[in-house]
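Heads up: the structure comes next, in structure tokens.
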Amino acid sequence: MGETPARGRGAVVITGASSGIGRTTALLLARRGWLVFGGVRTERDAVDLAAAAGAIGLGGLVQPLLLDVTDPEQIRAAVRAVEVGLRARDAGLAGLINNAGIVVAGPIEEVPLARLRAIFATNVIGVVAVTQAFLPLLRAGGGRIINISSVSGRIAPPFLGPYAASKFALEALSDSLRVELRPWGLRVILIEPGPIATPIWGKGEADALADRADLPADSPYAATVPRVRAMIRRAASRGLPAERVAEAILLALTAPHPRARYLLTRHRLIFALFVRLAPDGLRDLLLSRAA
Ligand SMILES: NC(=O)c1ccc[n+]([C@@H]2O[C@H](COP(=O)([O-])OP(=O)(O)OC[C@H]3O[C@@H](n4cnc5c(N)ncnc54)[C@H](OP(=O)(O)O)[C@@H]3O)[C@@H](O)[C@H]2O)c1
């Protein structure tokens with residue numbers, strides 16, 4: 001049975017809406033009456049997202065967009081499509097949710113540089129490219145920019161260096177942008193989830209290294225990597241549901257005075273205090289024991 005949307009809440013663009021947090025957020029926002037332009041990378045995912053929205057009676061509120069954040073032409077086409085969609089409804093753009101992301105894991109000594117470039121292309125440069133492209137519409141609509149970072153944007157665990165580096169970069173860019181956009185009253189908000197139960201940890205990039213597929217046969221990390229793989233699996237299986245992140249994104253979009261960061265993890269206060277106060281030596285010791 002479909003829910004009746006409370007219409008007129010505004011329009012948002014969300015990247016990476018084919019699965020996990022992005023898809024869950026797209027459907028939650030539509031349920032709450034938002035018009036959602038959901039970025040996906042394949043026609044099949046576009047059809048699938050539209051069908052999922054249609055199945056709960058929200059077909060008109062979720063519009064899939066072909067949007068690979070590393071593809072400048074697709075970004076330009078997505079902006080044009082959103083402009084047309086907004087004009088048809090006489091609406092402004094109320095939010096851009098930069099959610100698309102990948103994981104690259106493994107020892108830094110052995111990470112293929114092409115993988116390192118790939119994660120920065122998606123998780124960092126892709127965010128900037130999409131943000132630059134949508135900023136005119138966000139300015140016109142007084143919209144908010146919500147960047148999906150991670151606890152790995154606050155603390156860099158071993159064997160997640162490439163992923164953590166990309167999220168640290170995202171945090172830095174978001175901090176600069178937040179102050180740069182103050183004159184226009186545009187908000188930039190970081191969401192920092194801990195492990196969330198989504199497909200991301202099982203996807204190719206994360207598994208390839210953890211699977212030792214790319215490690216040299218005589219790698220000094222041969223014994224460590226299976227342990228790290230098991231640790232990642234454990235963390236992922238205990239992850240919070242994606243709905244928790246979707247609710248935080250909704251709060252970030254609607255709170256009259258949103259915070260700069262929303263940390264979403266178990267033992268949030270302990271984590272926040274640890275990040276701020278723990279000396280490097282203690283942090284290294286605990287992280288080396290955990291890995
Ligand atoms: N899951 C966690 O534990 C966790 C924790 C903290 C932060 N996060 C962050 O949350 C965000 C969403 O991740 P998730 O856990 O929901 O994973 P997910 O289910 O794998 O979703 C990632 C989404 O990003 C898309 N994507 C990947 N590369 C892209 C590109 N070049 N252009 C456009 N879209 C692209 C994927 O599309 P395809 O389906 O086409 O691959 C997918 O829709 C990421 O930024 C991630 O770093 C996740």
Side-chain angles (χ1 to χ4, degrees), residues 5-17 21-22 24-39 53 58 60-65 67 69 72 74-101 124-149 170-193 245-264:
R7 286 179 192 279
R9 287 202 197 277
V12 294
V13 171
I14 179 162
T15 63
I21 293 166
T24 304
T25 303
L27 295 175
L28 175 92
L29 292 179
R31 265 190 223 109
R32 303 292 167 87
W34 294 74
L35 170 62
V36 180
F37 296 95
L58 298 169
L61 286 181
V62 179
Q63 296 196 5
L65 288 175
L67 178 52
V69 301
Q74 281 196 6
I75 295 174
R76 277 193 289 275
V79 172
R80 286 194 298 272
V82 170
E83 267 169 353
V84 170
L86 291 176
R87 217 175 294 132
R89 288 175 164 77
D90 201 19
L93 189 57
L96 167 64
I97 304 158
N98 286 306
N99 164 75
V124 182
I125 296 163
V127 171
V128 175
V130 170
T131 303
Q132 288 177 342
F134 279 104
L135 255 168
L137 287 178
L138 289 164
R139 243 197 208 96
R144 296 180 177 182
I145 297 167
I146 298 174
N147 290 337
I148 311 304
S149 177
L170 178 63
E171 296 260 337
L173 289 163
S174 304
D175 283 345
S176 296
L177 186 64
R178 192 173 53 254
V179 180
E180 288 169 14
L181 293 180
R182 263 173 93 102
W184 294 275
L186 299 180
R187 310 279 189 156
V188 179
I189 301 153
L190 281 155
I191 308 285
E192 300 171 325
V245 187
E247 291 287 356
I249 291 171
L250 180 62
L251 179 65
L253 274 173
T254 53
H257 304 288
R259 299 208 298 260
R261 320 182 127 68
Y262 290 88
L263 183 60
L264 283 178

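- The closest side-chain heavy-atom distance from W34 to L61 is not below 4.5 Å.
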Step-by-step side chain to side chain contact (heavy atoms under 4.5 Å, CB included) determination, L181 to R139
CA-CA 9 Å; L181 293 180; R139 243 197 208 96; 4.0 Å; yes

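- With sequence neighbours excluded, the residues that form a side-chain hydrogen bond (donor to acceptor under 3.5 Å, both in side chains) with R261 are E171, D175, E192.
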Evaluate side chain to side chain contact (heavy atoms under 4.5 Å, CB included) for I97 paired with L29, printing each intermediate quantity in order.
CA-CA 12 Å; I97 304 158; L29 292 179; 3.8 Å; yes

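- Partners of R259 according to the side-chain hydrogen bond (donor to acceptor under 3.5 Å, both in side chains) rule, which considers only residues two or more places apart in sequence or in another chain, do not exist here.
- V12 and A94 make their closest contact through CG1-C, 4.4 Å (heavy atoms, listed as atom of the first residue, atom of the second, distance).
- Separation of atoms CG (L138) and CG (L96) is listed at 5.5 Å; rounding is to 0.5 Å.
- Residues A133 and P136 come closest through the heavy atom pair O-CD, 3.6 Å.
- Partners of A260 under the side-chain contact (heavy atoms from CB on, under 4.5 Å) rule, at least two apart in sequence or in another chain, are R178.
- Contact of the V127 side chain with the L173 side chain is not registered, since no non-hydrogen atoms from C-beta on lie closer than 4.5 Å.
- Contact of the L58 side chain with the V36 side chain is not registered, since no non-hydrogen atoms from C-beta on lie closer than 4.5 Å.
- When all heavy atoms are compared, the tightest approach of A11 to L93 is O-CD1, 3.4 Å.
- The stretch residues 78-88 participates, sequence neighbours left out, in these salt bridge (charged side-chain N to carboxylate O under 4.0 Å, His left out) pairs: E73-R80.
- Atom CG of L250 sits about 11.5 Å away from atom CZ of R31, to the nearest 0.5 Å.
- Separation of atoms OG1 (T131) and CD1 (I145) is listed at 5.0 Å; rounding is to 0.5 Å.
- Taking CZ from R32 and CG from L28, the interatomic distance works out to 4.5 Å, rounded to the nearest 0.5 Å.
- Under the side-chain hydrogen bond (donor to acceptor under 3.5 Å, both in side chains) criterion, N147 pairs with N98, S174, not counting sequence neighbours.
- Every side-chain contact (heavy atoms from CB on, under 4.5 Å) that S176 has, sequence neighbours left out, goes to E180.
- Between the side chain of T24 and the backbone N or O of A246, no donor-acceptor pair lies under 3.5 Å.
- Remark: side-chain polar atoms of N99 are not paired, donor with acceptor, to backbone N or O of I148 under 3.5 angstrom.
- To the nearest 0.5 Å, the span separating OG1 on T254 from CD1 on I249 amounts to 11.5 Å.
- The two atoms that bring A26 and V62 nearest to each other are O-CG2, 4.3 Å, heavy atoms only.
- Shown here for I191 and A252, the closest heavy-atom pair between the two residues is CD1-CB, 4.2 Å.
- The two atoms that bring G60 and L35 nearest to each other are O-CD1, 3.8 Å, heavy atoms only.
- Put simply, the side chain of R187 never gets that close to the backbone of R144: no donor and acceptor are under 3.5 Å apart.
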Does the pair F37 and L86 meet the rule for a side chain to side chain contact (heavy atoms under 4.5 Å, CB included), with working shown?
CA-CA 10 Å; F37 296 95; L86 291 176; 4.1 Å; yes

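- With rounding to the nearest 0.5 Å, the separation of CG in L253 from CD1 in I189 is 7.0 Å.
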